[in-house]
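The figures here come from the full heavy-atom set of this structure, side chains too, leaving out hydrogens, waters and symmetry mates.
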2 protein chains.
Amino acid sequence: MKKKSIKDIAQELGYSKTTVSFVLNNKGDEKNISKKTQEKILAYVREVNYQPNQIAKSLKKGKTNTIGYLIPDISNPFYAKIGRLIEDLLADKGYHLIIGSTDETQEKEDLLLNMFVNRQVDGLILASSFENLGMLNTLAAQRFPMVFFDREHPDFFGNYILVENKNAMKGAVQNAIKHGSKKIGLLSITPNVYSLELRIDGYREALSENEIDIDDHLIRIVDNNNLKESTKAQLQYLIDEQVDAVVFTNNQITAHAIWAMNIFHKEKIEDVRFVSFDNLDLFDYSQPKVTSVAQPIEKIANYTVDILGEVMNEKEHISKRIVLEPKLIERL
Amino acid sequence: MKKKSIKDIAQELGYSKTTVSFVLNNKGDEKNISKKTQEKILAYVREVNYQPNQIAKSLKKGKTNTIGYLIPDISNPFYAKIGRLIEDLLADKGYHLIIGSTDETQEKEDLLLNMFVNRQVDGLILASSFENLGMLNTLAAQRFPMVFFDREHPDFFGNYILVENKNAMKGAVQNAIKHGSKKIGLLSITPNVYSLELRIDGYREALSENEIDIDDHLIRIVDNNNLKESTKAQLQYLIDEQVDAVVFTNNQITAHAIWAMNIFHKEKIEDVRFVSFDNLDLFDYSQPKVTSVAQPIEKIANYTVDILGEVMNEKEHISKRIVLEPKLIERL
DNA sequence: TCGATTTAGTAAAACGGTTTAGTAAAAAGC
DNA sequence: GCTTTTTACTAAACCGTTTTACTAAATCGA
């Protein structure tokens, strides 16, 4: 039992494809198809449960109602949560998501970008690592609808939904200093990402404005390919250096550090303060507790979808840069 | 600058669409296209960076190289992690994922199922809530390639990748009893899902085999729409009932319960043992520590993709049911 | 040398929709 | 009663590929 096409419906009912198509697209009245005919077609279509082939539709219309979601890793709760919010917002507009995880590598990003474009997605939502602007510039030149979030690149001009990174991080670190921290280390994933650099800058500024010497040895980069173990090792280094606070540039490494702290440094757990960019529920009660900079996830999702909608509709070329205020959650 | 099509390429080079298509699909030799022509076409295609329109390809071939991933919620780490693994496995085979979160509601599941089918996905991977078998039976009757995981329904015959639920849960609860727990409550999300019922059955069996009376009041169901707060409230109930252990049927509520325990019942934290189905890193060090039944996520992803591949290729109708052994992680 | 085969390519149909341009019959206008 | 307009509908082109069925020229075999 093959799937029925419009052609089948038309033949079985004795009408032309055109008529059936008009009726199915609610153009019956506009196109002067008689009520009787419309009802007959609709009834039949319901009876045989006809389902239009979206691929054919997309080909003809040049529109797939599909948005690509390109991120470092969908299993990172931050991207998963935003992805879920976006999924729901887009569903209301008749769009749906296809996802691609880049692992922060340029090859995968290019591959996925190509894949998305070949599949004719109508727009892209991306947390790009911006390692190679080539492909992105090409797309931008073609006015391909794109909205960037979470990550930015100073040389790339586009639509951005971001949070304030530097001052937010600075505030968080200053908060720790205010509460007595003096020797403050930092752990970050690969910081060849501008947004992460800004967070690290915020950390530096907080220290220097409070006359704490910046010791580059206390700024540790963890290996992306082995996050958990590498975080453990780098944390060990900082603990050995007797820091009294550790700052993290995202929540994944913070979570791993909490784990390492509990398993390997239980005795020091009262002696070190944690400060994290991004929030996690567990920061409310973990040992150590974590003062965190919480990103406004719902707002990010809302703006992203809104702006993407604008870009896809407007003929004129807009480029918005929306910077949201994150919220400092102090936990002592 | 519109995107070039095969027709453009052909015209610009003075060949026919057919020839260009043959060359692009590596059928040049087979179809007797001269080496010179092949090279000329390939060089030109590279020069203008021609990208084939996958939608047109899909329409013609009746194959989209797309798999639908239907789950309760992509922001649930369990589904996100498996999703990520599946994404990578499929990418190697030239497939990619489109995702749909159902929130365990039948309406959304039907809507998404329809959407997937209309978009002509080549196959489906689903953690269905099986509330209404209608649509699934229709698809199964058409031999639509589907593989189910995590959830099952006794009346639905299909390809399943599951973990042993009942005995695994039974073992975990018995472990708690062995270590002294006597009054054991249970918290579950909506158990109109067979797999969850099995987990609850395991809990019941463990109790009765150890001559502990089953008190249905101690089996609490949390509200899906308000997971965090509802978990808190139901946990409160169990604490008031003075249970000495709580069993959870999935990791999300366990995480919320750990939060509630730390925030609202800190003083009782040593008096109650937690047992959870599904693992989380934080169980290693949380208070209370959590003895958990860890699902073999990689194996689930691998089998799911493997079986789906078989189903999509085989002409014959196979129906496999693979039940994996979860692992008990004791934490005291 | 002449029919058979191989080489190198092409025209046209097909996939399943949408859309443009049109037509024949009925109704309206005068 | 004849022209114009409206009603109700349709044929065919099109979106960008793949694929089938073909052809003309060159080469081969005996």
Side-chain angles (χ1 to χ4, degrees), chain A residues 2-42 44-45 48-66 94 115 117-122, chain B residues 2-42 44-45 48-66 94 115 117-122:
Chain A
K2 266 209 64 192
K3 278 197 73 178
K4 281 202 193 315
S5 72
I6 274 202
K7 196 175 155 191
D8 299 324
I9 306 274
Q11 265 166 10
E12 285 156 26
L13 247 48
Y15 289 107
S16 71
K17 290 197 303 173
T18 315
T19 304
V20 177
S21 174
F22 284 155
V23 173
L24 289 178
N25 289 287
N26 278 326
K27 294 188 183 156
D29 292 342
E30 174 193 342
K31 296 290 181 179
N32 286 323
I33 309 300
S34 71
K35 285 278 173 231
K36 240 177 294 177
T37 304
Q38 293 197 40
E39 274 156 30
K40 228 158 84 185
I41 292 177
L42 288 176
Y44 189 67
V45 154
V48 302
N49 188 30
Y50 164 75
Q51 300 289 114
N53 180 327
Q54 294 293 338
I55 298 294
K57 218 167 188 158
S58 295
L59 177 59
K60 177 67 200 181
K61 292 244 191 153
K63 190 164 184 301
T64 54
N65 277 29
T66 300
M115 184 271 276
V117 171
N118 292 351
R119 303 216 179 228
Q120 315 287 118
V121 297
D122 296 333
Chain B
K2 268 210 62 193
K3 280 198 71 178
K4 281 202 194 313
S5 71
I6 277 200
K7 196 176 156 191
D8 300 322
I9 307 274
Q11 265 165 10
E12 285 157 27
L13 247 49
Y15 289 107
S16 71
K17 294 196 301 173
T18 315
T19 304
V20 176
S21 175
F22 283 156
V23 173
L24 289 177
N25 290 286
N26 279 326
K27 293 188 182 158
D29 291 342
E30 174 193 340
K31 297 291 182 177
N32 287 323
I33 310 299
S34 71
K35 284 279 173 231
K36 243 177 291 180
T37 303
Q38 294 198 40
E39 274 156 31
K40 229 157 82 185
I41 291 177
L42 288 175
Y44 188 69
V45 153
V48 301
N49 189 29
Y50 163 75
Q51 300 289 112
N53 180 326
Q54 294 293 337
I55 299 294
K57 216 167 188 158
S58 295
L59 175 59
K60 180 63 201 186
K61 292 247 194 147
K63 188 163 186 302
T64 54
N65 278 26
T66 299
M115 185 272 276
V117 172
N118 292 351
R119 305 221 176 223
Q120 316 286 121
V121 298
D122 296 334

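- At a threshold of 4.0 angstrom between heavy atoms, the contacts of B/K7 with the nucleic acid are absent.
- By the side chain to side chain donor-acceptor pair (under 3.5 Å) test, A/N65 is found to be paired with A/K63, residues two or more places apart in sequence or in another chain being considered.
- With sequence neighbours excluded, the residues that form a side chain to side chain donor-acceptor pair (under 3.5 Å) with B/Q51 are A/N114, A/N118.
- Put simply, OG1 on B/T37 and CG on B/L13 are 9.0 Å apart, with the number rounded to the nearest 0.5 Å.
- In this structure, the CG atom of B/N53 is 18 Å from the P atom of C/dC15, given to the nearest Å.
- Remark: B/T19 pairs with B/S16 by the side chain to side chain donor-acceptor pair (under 3.5 Å) rule, at least two apart or across chains.
- Heavy atoms only, all atoms of each residue included: A/I55 and B/S58 are closest at CG2-CB, 4.0 Å.
- Heavy-atom distances to DNA chain D give each of B/N25 and A/K61 a nearest nucleotide, and the one nearer the 5′ end belongs to A/K61.
- A/Y44 and A/K4 make their closest contact through OH-CE, 4.3 Å (heavy atoms, listed as atom of the first residue, atom of the second, distance).
- One can place CG of B/L59 at 8 Å from C1' of C/dG17, the figure rounded to the nearest angstrom.
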Show the distances under 3.5 angstrom between N or O atoms of the protein and N or O atoms of nucleotides 22-27 of chain C.
none

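- Judged as a side chain to side chain donor-acceptor pair (under 3.5 Å), and not counting sequence neighbours, the contacts of A/T66 are A/H96, B/R119.
- The CD1 atom of A/I9 sits 12 Å away from the P atom of C/dT18 (whole-angstrom rounding).
- Among pairs with a residue in residues 49-60 of chain A, none fulfils salt bridge (Lys or Arg N to Asp or Glu O under 4.0 Å), at least two apart in sequence or across chains.
- From the 5' end on, the contacts that DNA chain D makes with chain B at under 4.0 Å to a non-hydrogen atom open and close at D/dG16 to D/dT20.
- A salt bridge (Lys or Arg N to Asp or Glu O under 4.0 Å) check over residues 16-28 of chain B, counting only residues at least two apart or in different chains, returns nothing.
- Shown for residues 11-20 of chain A: residues whose heavy atoms fall under 4.0 angstrom of DNA chain C, namely A/K17, A/T18.
- Proximity of B/I33 to B/Y15: side-chain heavy atoms (C-beta onward) are nowhere separated by under 4.5 Å.
- Neither OP1 nor OP2 of C/dG16 sits under 4.0 Å from any side-chain N or O of A/Y50.
- Computed from coordinates, the B/Q120 CD to C/dC15 C1' distance equals 10 Å when rounded to whole Å.
- Applying the side-chain contact (heavy atoms from CB on, under 4.5 Å) test to A/N32 and every residue at least two apart in sequence or in another chain returns nothing.
- Of the listed nucleotides (C/dT18, C/dG16, C/dT19), C/dT19 has the atom at the smallest distance from the side chain of A/K27.
- Rounded to an integer number of Å, the gap from CD of B/E39 to C1' of C/dA8 is 15 Å.
- A 4.5 Å side-chain heavy-atom check between A/D29 and A/K35 finds at least one atom pair inside the cut-off.
- Straight-line distance from the CZ atom of B/R119 to the P atom of C/dG17: 15 Å, rounded to whole Å.
- Atom NZ in A/K4 sits roughly 12 Å away from atom P in C/dG17 (whole-Å rounding).
- Atom CG of B/L24 is separated from atom CG of B/L42 by 7.0 Å, given to the nearest 0.5 angstrom.
- Between B/I33 and A/S5, the residue whose closest nucleotide on DNA chain C is further toward the 5' end is B/I33.
- The residue A/S58 sits apart from the nucleic acid: no heavy atom pair falls under 4.0 Å.
- For B/K36, the salt bridge (Lys or Arg N to Asp or Glu O under 4.0 Å) criterion is met by no residue, not counting sequence neighbours.
- Residue B/K60 is classed as a base contact, given a heavy-atom separation below 4.0 Å to a base.
- Comparing the end axes of the helix from C/dT1-D/dA30 to C/dC30-D/dG1, each fitted to five base pairs by superposing C1' atoms of four pairs onto the next four, gives an inter-axis angle of 50° (nearest 10 degrees).
- Nearest heavy-atom pair across A/A56 and B/L59 is CB-CD1, 3.8 Å.
- With the nearest nucleotide of DNA chain C identified for both A/A56 and B/S34, B/S34 has the one nearer the 5' end.
- Using a 4.0 Å heavy-atom cutoff across all strands shown, A/N32 reaches at least one base atom of the nucleic acid.
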